[in-house]
Structure formats: structure tokens, C-alpha cells
Protein chains: 2
Amino acid sequence: MRKKYTIKDIAELAGVSKGTVDRVIHKRGKVSEKAFVDVTRILEEIDYKPNLIARNLKNNKVYSICVLIPDYHLDDYWLSCKEGIQSVKQEFSAFDIEINTLLYHSKDVNSFLQKSNEVLNLKPDAVLMVPSFQKESETIINLLASQDIVVSIFNNNIPNNKIFNFVGQDLIKSGRIAAKLFDLILGNGKVAILYIGANFKNATYFHEKDQGFKEYIQQTETALSSVTKTFSSENLEIELIDFLNQHPDIKGIFVTNSKTYMVAELIKKHKLKDLKLIGYDLLEENITYLKNNTIQFLIHQNAKHQIHLGLTNLIEHFMFGKKTPKRNLLPINIINSENLSSYTQKETIYE
Amino acid sequence: MRKKYTIKDIAELAGVSKGTVDRVIHKRGKVSEKAFVDVTRILEEIDYKPNLIARNLKNNKVYSICVLIPDYHLDDYWLSCKEGIQSVKQEFSAFDIEINTLLYHSKDVNSFLQKSNEVLNLKPDAVLMVPSFQKESETIINLLASQDIVVSIFNNNIPNNKIFNFVGQDLIKSGRIAAKLFDLILGNGKVAILYIGANFKNATYFHEKDQGFKEYIQQTETALSSVTKTFSSENLEIELIDFLNQHPDIKGIFVTNSKTYMVAELIKKHKLKDLKLIGYDLLEENITYLKNNTIQFLIHQNAKHQIHLGLTNLIEHFMFGKKTPKRNLLPINIINSENLSSYTQKETIYE
DNA sequence: TTGTATGCGTTATCAC
DNA sequence: GTGATAACGCATACAA
């Protein structure tokens, strides 16, 4: 059985004191050349791994993390983040972690800036945020980084080398997946790629999914074609029905966000039975339409998993010095009415 | 900021010594009624959570875990378990965990019994095993449990209340998912449900998937029908082609295990273009046929994730006293050629 | 029945 | 430069 070496062992082997070993390990200087060489050699020989538990014992600081995300009271998509935060809190309840959640209005830059400022004032050890507004996010991230606050982001990526970790999905792939699914269930025909909501210019996800979908059409021998269109939520019914009348060859609709249920509703209402529908996210309303076969597939972006992993990465970095990848690209889950429950069920049956 | 209470704090608050508090917490007895009441009250008041890090510091034992699984040199399905074990070893490299892997021949009871005996001789703290042979597994589990060895299982479940934790998938759901996918891509027609391999009686997974598939047909308004058939790997070509000739109305094939590529091979060879194929697991060979559209969908059982979670559960139980559910039912992933890479890519881009 | 002393491995302080 | 030593929070052996 592999013996576990401690600093004490190394000190004895090198014929020096624990203090000297510590100075070598942490490169604190004030060590004679000979001692440095001897200790370094032994460290390598035995492949010394510090005991992280003991290391953290001393560190009786309460780590504070701020979560800065869109208000989940205003958009159900973010609701699962609440659960994600909750489950992390539970998981690490035995440790000294403090998580503050700040919610901003995802369509309102001022709200974002205001909450960002609150985060700055809280002076946390780390921040996990959704960078909804690219330019403003960059400013905030730089500001936080300049105060030695570790910053991670999730959901959508923005280029910034100060970011500790990004968790999300490859959205171009996501669009390709939708195309492939239509390819399988339709065989041929036109698919409408829709954005529903305000201000689609800020929704980079929409452009990437759109791009992925078209990429698939171009790169494979599919008989599919596509048409891209944006709608506001308010006038969706009139505008969409009008649009469909103008394009009677549309056989499928790909909704690029969680508002899929809004289209499903109209399909039901206007009895557009032959329209196939694929969209995003396991909101209650979407699930209803998935179960009654109005929606054929939902692509699961798993915001809960994303925030959970983002937080876990930060915590394990602080608590255990665990290495964290720059990017975590999560699997893109294809959900239909049958495997749905395997994703939504609670794992925790303690009996 | 929430203050963090230690045993020392509680001792002071209760006007007793740390030793007394310790005795109350661990119910060791030898405490006066008054002290017991006082300390208990304070513990509840402040919602005391012991510092698990400090608790384990003392415990300089090397935890040993035995992994008992089918030989992955003989069946590629189990190959990903190797990676799973490797990644757990890396993840916990800073801790004192010793993992021994023992491989048995999955079709040979004697090999299983022999390796089980080796496990017993190793006297580990815990065992994570695949209970391939139900009766023999039960005997072994009881034997291990009687020696206070914690036993977890994964892949397939067997009823035994001594089992610490089971990780796997709901296989009836799994069969339903396959049916739903055929329903979407075929609309109607007959699907052959196949088992390929030796000794299908021991393959409980086959019966559950078969059952799930039929359940879907009965419970929904689908126009699908099914026919169930078992083949040996050896004579598959002759037997399957013969079978298909006898059933010219078969439009889809559902292979209930990872041998899906064997059917794909025949579809290619015999140019059975119109046959839709759905099967299991991301073996190299299956992936090839998924990418060239011979296989429409693969259902991902994720043995790597299963063994990873099984091991993590055990380790975190020992190291941190973390609560573990009796069962972890993992999501059932639907894989097509486009979302495949999001599952297979390595997450660890440290840059 | 209770309190005190010691040790786990690491780190920080301080005297030499 | 170096080596003792105390401290982190908990568990426990032992003294009272």
C-alpha cells in the first residue's frame, strides 16, 4: 500500500525542519541552495501531494459567492436556476459558503448595471453571472477582476480572458441538432426558424442556432430548406398566422428559445395538425405540449445543471484547490415525451 | 454574516467542556441529564453543523474500494468504465483512496464467483459491482455485508435491502423511448425488437426494454406494431436475413443492446436502405454507423457516468459523510449524429 | 460524570 | 536561513 507522505516525512528525509519544507513548497524564499535542492528532489521523488483537508482546516473563512442572473420571476427559463442554487447550498451545507443571489431584469441594461454595482459593493470572493449585455458585462468583469474577485459566467459566452470558467452549450451544434431531427421526422420540406421576444439583436443565441441549422442544410444531402423570422411576443398570433399563410410550404417550426409553448398554443388553437414543432427547455408549459404531441422534441439547455456546475467549480476551486477547465460545454439533450421524466425526476430518494 | 459555531463555542454557551459536547453529539452517554438537555438545546438553536474537514483530518486511513465488473477487453460496452474509474481516481487524487478493479467474464458464472472471492479476500471498505448473475450476486452481497463491507451496484438492479446505492436507468422507460422515436420517424409499420448474444434469459435488461416498447404501443394511439426475436451473435447474418424475408412488413429494428452495429453492418451489406435502426451505446462501431445514417438513434446508457457516480457516492459517503440516495436513476440520453459530439468530447480544456 | 491533553497535516509566527 | 511551536476543529484517551 502506497504510503502517504506528509511534510513531516519530507523534513526528516531531507534532514531539515518542516518550516523549511514549507518554504520550499510555497516558494517563500529564505532557503539555502542546498536545502532547496534536497527538498525539491525528494518532493519529486515521492510525488508529494499536500493534504487539502488539513490545508483548509486552518482557513476558517466564509467564502462568499454572488450569483448575478436574470430575474426568474419574469421569465420561467431562469426558474430552474433557483433550484440549482438551492441544491448547491444543500450539497455544501457542511462548508462555509455564502451565496447571494441578485436578479436583474434581463431586458433592462440599467437594472443589470445597478445589480452589478451591488455585487461590487458586496465584495464577494467570486461572482457567477449571466452576461446578458455583452459590452456592459465586459466592463463589470474587468472591474471585478481588478479587485481580485474571481468571475465565472454561464449560459452564453463572451470573449474575455479574465473569466475563470464558462459553462454552457455549443449553440451552433444545438441548431444542427434541431435540423437533424426535422430531417428525420419530415424527410423534406421547409422549416421556419423563429425568434420570439424583444430585441433579437442582443440574443446572440438566436443567431448561432440559426447558423447551425443552416449549416446542416448546406453540409448534408438533406431535402430540407429553411426560412428565418423574428416575432415579438405581443403580436405573435396575428403575425405568425399571417406568416404561415404566406408560406404554405412550411412543414416544421423551430423555435429557438423557451417560448416554444406560445407556438404550440397557436398550433392547437388553429388546428395546424401537420406542423411539426421543435423548441427549447423544459418549462411547465412546454412539457404539457410535449406530452400531448404538439411539440415533437425539446432541446434541453439545462440551466439548472449549468448554474450548478458553475457554482461547484468555484467552490471546489476555493475549498479544495481543484483544477477547473476554462470551458465546460455540456451535452445537448434531446427530449421527447418518453425520456422527459428521466430528466425531471428528483434523484434524491433516500428512503 | 452567519457566524460559524464550533464545539468550543457550544461548550462555552452551555457552560460545559468540549468533551461533554462531544459526548452529547455522538450519543456516547455518560452525560448528566442537565448537561445533555442544555447542550442539545443549544445545538438545535444554532443549527450546529460539524466541520467535516476537521473530522476527517484525524482519519488518516486509506479507504479501499473494489470495483467488480465484466472484463472490458471482452465486450466494448464496458470499456467506458475504465475511463470512469480513471477520472474518479484523478478527481480524488488528493485523498487517500485506493481503487482495485477486478474483471470477470460476463458470461461465465465461475469467473464471477472466483473474482468475488478475491474481493472478499481483499477486505475492502466498499465494493461497487455489476450484479450480472442475480442469484450468485445476492449471495456475494450478503457475504460482503456480513463483513461490514459497504456494497453498491450499478448497470442493473437486483432486489436486496443490504445494497447501499444503485446507479442505473429505468429500462422500461428506455424501451418506451425507442418506441416513441420509431413512432415519430416511421408513423406506422412493424418494428423488430431484437436481442443479440448468448443466454438471453440472464439479460433482464432485454425483457424490460421489450416490455417498455410494447407498453408504449398498447398505451398510445400509435400505428406501430412489434415482433420480438432473439439471435446469437454467431449466426446473425443468416438468421436475421431469413427472419426479415419472413417478415417483409418490418420497417424498423430496435436492437436492445450495444451490438447494434452488427445489424447496421448487415443493413449496409444487404442494402436494406429503408430499414430504420435504433440501438444502444456509443461504441466506436455504433458511432460510425450513426454518422453515416445507418443508425438513426442511439440510446446512451452512459456506463462511464454510472460507474463514476457509483464511486463518487461511496467516496463522498466515507470522506464527508454525505447522504446518498438508495437509487440514482440517470437520464436516458437520445443521441443522433449531431448531438453525439456534445456527449463524447472531453470536458477538460484547461488551456 | 466531567474536563484536559494530545494529535491529525498544514501554515504562520517568532525566536534564534 | 532555520527550526521550533501554536493554531485550525474535531475526536479520543486519560486523568480527575
Side-chain angles (χ1 to χ4, degrees), chain A residues 2-40 42-43 46-63 92-97 318-322, chain B residues 2-40 42-43 46-63 92-97 318-322:
Chain A
R2 181 180 52 85
K3 159 126 180 67
K4 198 199 166 183
Y5 291 94
T6 70
I7 286 191
K8 194 176 148 196
D9 297 321
I10 295 161
E12 280 169 17
L13 285 168
V16 295
S17 75
K18 296 195 298 176
T20 303
V21 176
D22 180 69
R23 279 183 285 269
V24 172
I25 290 173
H26 292 86
K27 303 190 172 69
R28 301 193 212 279
K30 304 189 180 181
V31 180
S32 70
E33 177 126 359
K34 176 173 162 30
F36 182 84
V37 172
D38 286 356
V39 171
T40 305
I42 291 173
L43 283 175
I46 65 172
D47 186 28
Y48 170 73
K49 298 259 174 59
N51 182 329
L52 300 174
I53 287 181
R55 176 174 289 175
N56 278 285
L57 177 60
K58 195 94 186 177
N59 199 347
N60 57 350
K61 170 173 165 41
V62 176
Y63 280 109
F92 291 94
S93 59
F95 299 89
D96 274 338
I97 315 278
F318 282 124
M319 302 296 293
F320 311 131
K322 197 171 162 185
Chain B
R2 181 178 51 84
K3 161 131 178 61
K4 196 199 167 183
Y5 291 94
T6 71
I7 285 190
K8 195 176 146 195
D9 297 321
I10 295 162
E12 280 170 17
L13 285 168
V16 295
S17 75
K18 296 198 297 176
T20 303
V21 175
D22 179 72
R23 279 183 285 269
V24 172
I25 290 173
H26 292 88
K27 304 189 172 70
R28 300 194 213 280
K30 305 187 179 182
V31 180
S32 68
E33 178 127 359
K34 175 176 162 30
F36 181 84
V37 171
D38 286 356
V39 172
T40 305
I42 291 172
L43 283 175
I46 64 172
D47 186 27
Y48 171 72
K49 298 262 173 57
N51 181 330
L52 298 175
I53 288 182
R55 177 176 287 176
N56 276 286
L57 180 58
K58 191 92 186 181
N59 200 345
N60 57 349
K61 172 173 165 42
V62 176
Y63 280 110
F92 291 94
S93 59
F95 301 88
D96 275 338
I97 314 276
F318 282 125
M319 302 296 293
F320 312 128
K322 198 171 160 183

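Every chain is numbered from 1 and lettered A, B, ... according to where its sequence line falls, protein lines coming before strand lines.
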Q.
Taking salt bridge (charged side-chain N to carboxylate O under 4.0 Å, His left out) as the definition, give me every residue that meets it alongside A:K34, ordered by chain and number, with sequence neighbours left out.
A. A:D38

Q) Hey, are the side chains of B:I42 and B:Y5 touching, using non-hydrogen atoms and a 4.5 Å cut-off? A) no

Q | Results of side-chain contact (heavy atoms from CB on, under 4.5 Å) for B:A35 - residues two or more places apart only | A | B:V16, B:T20, B:V31, B:S32

Q) Can you check the B:N51 CG to D:dA11 P distance for me, whole Å? A) 9 Å

**Q.** Whole-Å distance separating the NZ atom of A:K8 from the C1' atom of D:dA4
**A.** 14 Å

**Q.** Closest to the A:A54 side chain, choosing from D:dT12, C:dT10, D:dG3
**A.** C:dT10

Q: Identify which nucleotide among D:dA11, C:dT2, C:dT10 has an atom closest to any side-chain atom of B:T20, counting heavy atoms from C-beta outward.
A: C:dT2

Q) For B:A11 and B:K18, which heavy atoms make the closest approach, and how far apart are they? A) CB-N, 3.7 Å

Q | Contacts of type side-chain contact (heavy atoms from CB on, under 4.5 Å), residue A:L43, not counting sequence neighbours | A | A:I10, A:V24, A:I25, A:V39, A:Y48

(Q) Rounded to whole Å, how long is the line connecting atom CD of B:E12 with atom P of D:dG9? (A) 12 Å

Q | Under-4.0 Å side-chain N/O to phosphate OP1/OP2 contact, A:R55 with C:dT11 | A | yes

Using nucleotides 13-16 of chain C, report all nitrogen or oxygen pairs with the protein that are shorter than 3.5 Å.
none

Q | Residues that A:Y63 engages under ring-ring contact (aromatic ring centres under 6.0 Å, His included), provided they are two or more places apart | A | A:F318

Q. What is the bend of the helix from C:dT1-D:dA16 to C:dC16-D:dG1 when you compare the axis at one end with the axis at the other, using five pairs each and rounding to 10°?
A. 60°

(Q) Let's see if you can work this out: which of C:dT10, D:dT2, D:dC10 has an atom nearest to the side-chain heavy atoms of B:Y48? (A) D:dC10

Q.
Using whole Å, what does the distance between atom P of nucleotide D:dC10 and atom OH of B:Y5 come to?
A. 14 Å

Q) Does A:D22 have any side-chain contact (heavy atoms from CB on, under 4.5 Å) partners at least two apart in sequence or in another chain, and if so, which? A) A:H26, A:R28

Q | Residue B:K18, side-chain heavy atoms: nucleotide from C:dT10, C:dT11, D:dA11 that is nearest | A | D:dA11

Q) Which nucleotide in the list D:dG3, C:dT2, C:dT11 gets nearest to the side chain of A:V16? A) D:dG3

Q. Got a sec? Which of residues 25-40 of chain A come in under 4.0 Å of DNA chain C, heavy atoms?
A. A:H26, A:R28

Q: Report yes if at least one side-chain N or O of A:S17 is closer than 4.0 Å to OP1 or OP2 of D:dT2; otherwise report no.
A: no

Q | More than 12 heavy atoms from other groups under 6.0 Å of CZ on B:F92 | A | yes

Q) Looking at residues at least two apart in the chain, or sitting in another chain, which of them share a salt bridge (charged side-chain N to carboxylate O under 4.0 Å, His left out) with B:K49? A) B:D47

Q) Can you check the B:L43 CG to D:dC10 P distance for me, whole Å? A) 11 Å

